[in-house]
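Working notes for the structure below.
Each chain gets a letter, A, B and so on, in the order its sequence line appears, and its residues count up from 1. These numbers come from a predicted model, not from an experiment.
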Amino acid sequence: MFKNWQLLKDDPAKKEKFFQRAKIVSLIRDFFVQEDFLEVETPSLVRLPGMEPYLDPVKTELVIGGKAEGGYLVTSPEYAMKKLLAAGFPKIFQICKSFRGGEEAGRLHNPEFTILEWYRAGADYRNIMEDVENMFRHIAGRFGNGSSKIVYQGREIDFSPPWPKITVREAFQNYAKIDLDTALDRDSLFAAAAAKGYKISPKEKFDDVFFKIFLNEIEPCLNQAKPVIVYDWPAGLAALSRKKAEDPRYAERFEVYAGGLELGNAFSELTDPEEQKERLLEEREQRVKSGKNVYGIDEDFIAALSSGMPASGGIAMGVDRIVMLFTDSKNIGEIQFFPAKDIF
Amino acid sequence: MASTQDIKRGVVILWKNDPHLVVEFEHIMPGKGSAFVRTKLKNLKSGKVLENTFKVGEKVDLVDLEKRRVQYLYASGDKFAFMDNTNYEQFEVGVEVLAGFEKYLRESLEVILLFSDGTPITCEFPKKVSYKVTEAEPGVKGDTASGRVTKEVTMETGLKIRAPLFIKEGDMVIVNTETGEYAERA
């Protein structure tokens, strides 16, 4: 069986994608430098990784003073970057590796992947939506023939702003015919799903059924002529984001979809240290229940919020997925030199 | 009862009371949600293809199919003829039953056909198949120095794959039919 690097040797078309990848990454960097963002580097190796209930941080070990000390690889640089917001860096971005141990290598996932995160102080998720649109306009205008349109897997996508934006509530109404306002608790969502013929086991959680409906009925409708922004998620699905002032059942979170790929996830960041701690404790409890690795809350992160983190918007995007779009690659392995399947 | 761990291409599950063939599947992790399996399912009664996304660990009903070991005879048009060597019964199947594996057929190759109510639905194709190489450019001095690792070679059936430089005309090579890649010299 050939490794990817061996196949690259004799295939100029396969090789070309890596020149395109480098070009895209440099265009991303250009864009943020031009927008006066500071590029930062934060640790990949930490003591206390993200608390997201469904992610599996990769466990490792280091030796300090002759003693073995447990460590983890980050699932995202989020906590560290928010500490830098609190430290007084108002516009920061980072392109780095992140690691998610539980994500089976496949068409869309690789356990080690490249993430792009940026944060803006004095801003909220609406400003981040504009950043996303402008960044894609910047890349598309300087990549290939400079057109705002690309073809991904046989379908044209036009990146010219503005992009269609739809609330999660509208998406459930339009595509799944469910009034989410009346289905925000476990029992009523289960009833709504069961009425539509979903088989639901009593062991399942709100999130499970929510995503079952989202993935079956909504996500397939998001592969449109332009990328789509889906915003205002149920508060329970947005542990690091600020609740909407006018309707606290929803939180200021959005996701971006293009060409059937989920590209990124953004928040108006939660800055209240007590509420943040409470939500992390709830997520920790979920980790305990589902048998995931359990570790403490990063108190340093809570301390940073307590010291006065400014109101901010921030986002994490998959760089590999952005590259897949622009290089018309069906599989993530086509745009990574050493996909996990060549290593493990 | 089976679960989503058993879902793979070629498996038949009972879905909304009808048998459905799994045509495609992939694992997905929605933003900050648990793991799911997205599938394309073909209804074996109506022929309709639909998509469904299962939560990993969800229970599914597998449908048992009758398996028959058959030998490949020939292709005529878009039909492929096979024979069951135990009773010499012959079958013609369409390209959809072979689901992409048709390009790996070679004379007298044995495969398993799976039947539902007497109709062939899908096949289990051997993971490794050997072929005779009928065309391979001769190795050139300097190939290795220039860093080349692979070259294109053509099999007796017309199948083309990339193989190591040392493979020459007349060699038998084994191809992995799941990846379409060279596996080893036979």
Side-chain angles (χ1 to χ4, degrees), chain A residues 1-3 5-11 50 52-56 75 100 102-109 197-201 203-205 207-217 219-220 230 233 237-240 253-257 260 262-266 283 290 316 318 331 341, chain B residues 1 3-5 8 13-17 24-41 50-61 127-128 137 143-144 146-153 161-165 167 174-184:
Chain A
M1 184 84 70
F2 297 115
K3 305 282 190 189
W5 69 265
Q6 291 175 305
L7 295 169
L8 284 170
K9 264 191 146 164
D10 304 324
D11 192 333
E52 281 79 2
Y54 300 106
L55 299 185
D56 294 289
T75 55
R100 296 178 183 180
E103 301 200 353
E104 211 160 312
R107 185 172 89 82
L108 301 171
H109 296 281
Y198 283 93
K199 273 197 286 182
I200 293 164
S201 105
K203 275 188 293 186
E204 289 185 288
K205 298 187 286 273
D207 305 17
D208 297 330
V209 177
F210 177 90
F211 281 114
K212 217 179 263 189
I213 299 168
F214 190 85
L215 293 169
N216 274 304
E217 299 186 62
E219 207 190 69
V230 186
W233 289 68
L237 297 173
L240 293 158
R253 165 184 173 189
F254 75 83
E255 285 196 342
V256 192
Y257 289 85
E262 184 214 324
L263 296 180
N265 185 30
E283 292 202 323
S290 56
N331 292 295
K341 71 169 174 59
Chain B
M1 203 180 222
S3 88
T4 53
Q5 313 295 345
K8 54 182 186 211
I13 64 170
L14 196 65
W15 177 243
K16 304 209 161 152
N17 301 324
E24 273 177 37
F25 81 102
E26 72 189 15
H27 288 274
I28 46 172
M29 300 271 298
K32 319 222 168 184
S34 59
F36 286 81
V37 188
R38 172 159 285 161
T39 61
K40 262 196 188 138
L41 304 172
L50 58 91
E51 282 195 1
N52 191 67
T53 303
F54 297 92
K55 185 171 172 287
V56 164
E58 205 172 306
K59 298 275 172 266
V60 291
D61 291 311
K127 189 176 169 189
K128 289 181 168 181
E137 15 168 336
D143 265 349
T144 325
S146 72
R148 284 187 65 190
V149 180
T150 64
K151 62 180 180 186
E152 191 175 83
V153 300
I161 60 156
R162 297 206 71 86
L165 296 175
I167 296 295
I174 294 174
V175 175
N176 179 331
T177 58
E178 282 173 13
T179 60
E181 289 171 0
Y182 169 88
E184 60 194 310

Structural part of A:Glu204 lying under 4.5 Å from a heavy atom of chain B: side chain

Contacting region of B:Glu58 [heavy-atom separation from chain A under 4.5 Å]: side chain

side-chain contact (heavy atoms from CB on, under 4.5 Å) partners for B:Lys40, two or more places apart: B:Val23, B:Glu24, B:Val49, B:Glu51

Which portion of B:Ala183 sits near chain A, non-hydrogen atoms under 4.5 angstrom: backbone

Qualifying residues under side-chain contact (heavy atoms from CB on, under 4.5 Å), relative to B:Lys8, sequence neighbours excluded: B:Val11, B:Phe25

Contacting region of B:Phe36 [heavy-atom separation from chain A under 4.5 Å]: side chain

Geometric class of the A:Trp233/A:Phe214 ring pair [parallel <30°, tilted 30-60°, perpendicular >60°]: tilted

Contact class of A:Leu215 relative to chain B, heavy atoms under 4.5 angstrom: both

Side-chain ion pair, B:Lys151 and B:Glu137, N-O less than 4.0 Å: no

B:Thr53 and A:Phe211: CA distance, side-chain angles, deciding distance, side-chain contact (heavy atoms from CB on, under 4.5 Å) verdict: CA-CA 9 Å; B:Thr53 303; A:Phe211 281 114; over 6 Å; no

Engaged part of B:Asn176 at the chain A interface, taking heavy atoms whose separation is under 4.5 Å: side chain

